[in-house]
Amino acid sequence: MKEPQHEALAAAIRAGGAITVLTGAGVSAASGVPTFRGQDGLWRSFPAEQLATAEAFDQDPALVWEWYAWRRALVAAAQPNAAHRVLADWSCRPDADVRIVTQNVDDLHVRAGTVRLVRLHGSLWELACRNRCATAPPTWPDLRVPLPVMPPRCPHCGGLARPAVVWFGESLPADALADAIDATRCRLFLAVGTSALVHPAAGLIGMAREHGAFTVEINPETTAASGGVDLALTGRAEVVLPQLDELAFGLPSD
Ligand code: OAD
């Protein structure tokens, strides 16, 4: 990959300044975690939109929990890939001003050692009380695979527990959204592995552009964002990011 646009982008990454990377499910694809849309996104023929709602949960908590338990088991057996590792390296570089804003709930960025991570959609590894009972904390960690009781219960009120992820129709955690919006004030904004269909996350790309950032997409497919970015790079995150890293900093990160 020695095309001028890659060289120029690598130079911009090397130059430093505020860099924000918005990531989506495509970043975890090489770890074996299925994306949400497209054929591999279907779980027993249910699209994510039909399972990731409070209504679906209330109608059939066992079914929705089965989907989340399947995803928790899959992610527990998965490892961060080269894309997660490069982004973690960038975030840890001395004098780095790099923020990773992720829509992913798998925590593979966390396991790769990313610092300054904004998790917009929560985490598969945290639970919350469905009834938001007064005695339970807003969320609590639970890393057990498999969960001993299905569907799991709130340890405080005995009602149903839910995954502490953002479902369709729900608001994003206010602090995470504020941090993500703040991160759109940057010099360089990369959108990696997202279909850019789900808002407000997808809107961050346009916001960054309005703030004067140079916006780049990295995705093997054309997306809703492709037409609106300054540079659309066609390729897989786990391939393109290590190439950019090598061009920018010289040493392969693997
Ligand atoms: P999607 O499943 O909508 O899109 C995944 C994107 O990744 C697509 O554009 C693919 O082309 C791209 N892709 C696939 N393999 C890739 C690879 N190896 N490298 C780079 N890109 C690749 O996932 P998101 O955009 O993340 O919400 O979806 C947004 C939200 O919708 C998710 O956070 C989730 C879902 O419902 C919640 O869980 C709240």
Side-chain angles (χ1 to χ4, degrees), residues 1 3 5-6 8-13 15 17-31 33 35-38 41 48 80-91 96-106 108-109 112 114 116-121 166 172 176-245 247-248:
M1 187 179 73
E3 292 167 39
Q5 57 191 15
H6 295 121
L9 178 54
I13 292 165
I19 299 176
T20 297
V21 186
L22 172 69
T23 67
V27 164
S28 296
S31 297
V33 182
T35 60
F36 291 95
R37 294 171 183 81
N81 66 59
H84 299 108
R85 287 197 293 274
V86 165
L87 295 177
D89 285 353
W90 291 357
S91 76
D97 186 3
V98 174
R99 279 181 283 188
I100 313 297
V101 177
T102 192
Q103 299 165 84
N104 298 346
V105 295
D106 55 33
L108 290 175
H109 284 303
T114 308
R116 295 183 84 202
L117 176 69
V118 180
R119 293 182 305 179
L120 279 179
H121 290 167
V166 178
L172 273 58
L177 183 58
D179 287 348
I181 290 172
D182 185 54
T184 62
R185 296 186 183 280
C186 57
R187 201 173 51 74
L188 181 61
F189 187 99
L190 310 181
V192 188
T194 178
S195 58
L197 288 171
V198 175
H199 286 262
L204 297 169
I205 306 168
M207 241 181 245
R209 199 159 184 218
E210 277 166 27
H211 291 145
F214 186 78
T215 52
V216 180
E217 174 178 72
I218 299 173
N219 199 303
E221 316 235 333
T222 300
T223 74
S226 306
V229 292
D230 297 299
L231 173 63
L233 293 182
T234 306
R236 289 179 285 132
E238 68 278 13
V239 175
V240 177
L241 287 173
Q243 287 171 338
L244 288 172
D245 185 51
L247 281 174

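Atoms considered below: every heavy atom in the structure, side chains included; atoms not considered: hydrogens, waters and symmetry mates. Along the sequence shown, residues carry numbers from 1.
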Throw together a table of side-chain donor-acceptor distances under 3.5 angstrom for residues 200-210, partners on residues two or more places apart or in other chains.
residue, atom, partner, partner atom, Å
Arg209, NE, Asp230, OD1, 3.2
Arg209, NH1, Gly228, O, 2.8
Arg209, NH2, Asp230, OD1, 2.9

Pair Val27-Thr102, side-chain contact (heavy atoms from CB on, under 4.5 Å): steps then yes or no: CA-CA 10 Å; Val27 164; Thr102 192; over 6 Å; no
At their closest point, which heavy atom of [X] faces which heavy atom of [Y], and how far apart are they?
X	Y	answer
Ser31	Asn81	OG-ND2, 3.0 Å
Thr194	Glu217	O-OE2, 4.4 Å
Ile19	Ala12	CD1-O, 4.4 Å
Ala10	Ala248	O-CB, 3.5 Å
Leu108	Pro80	O-CG, 3.8 Å
Trp90	Ala96	O-CB, 3.3 Å

Distance-only polar pair, side chains of Ser28 and His84, donor-acceptor under 3.5 Å: yes
side-chain contact (heavy atoms from CB on, under 4.5 Å) assessment of Leu188 paired with Val216: CA-CA 8 Å; Leu188 181 61; Val216 180; 4.1 Å; yes
Gap between atom [atom2] of [Y] and atom [atom1] of [X] - 0.5 Å precision:
X	Y	atom1	atom2	result
Leu197	Thr223	CG	OG1	7.5 Å
Leu241	Thr23	CG	OG1	10.0 Å
Ile13	Leu244	CD1	CG	4.5 Å
Gln243	Glu238	CD	CD	10.5 Å
Asp97	Ser91	CG	OG	11.5 Å

May I ask you to test the [X]-[Y] pair for a side-chain heavy-atom distance under 4.5 Å?
X	Y	answer
Gln103	Leu22	yes
Asn104	Val33	no
Leu233	Leu9	yes
Leu172	His121	yes
Thr184	Thr20	no

Asp179/Arg116 ion pair, N-O < 4.0 Å: no
Arg99 with Asp182: basic N within carboxylate O range, under 4.0 Å: yes
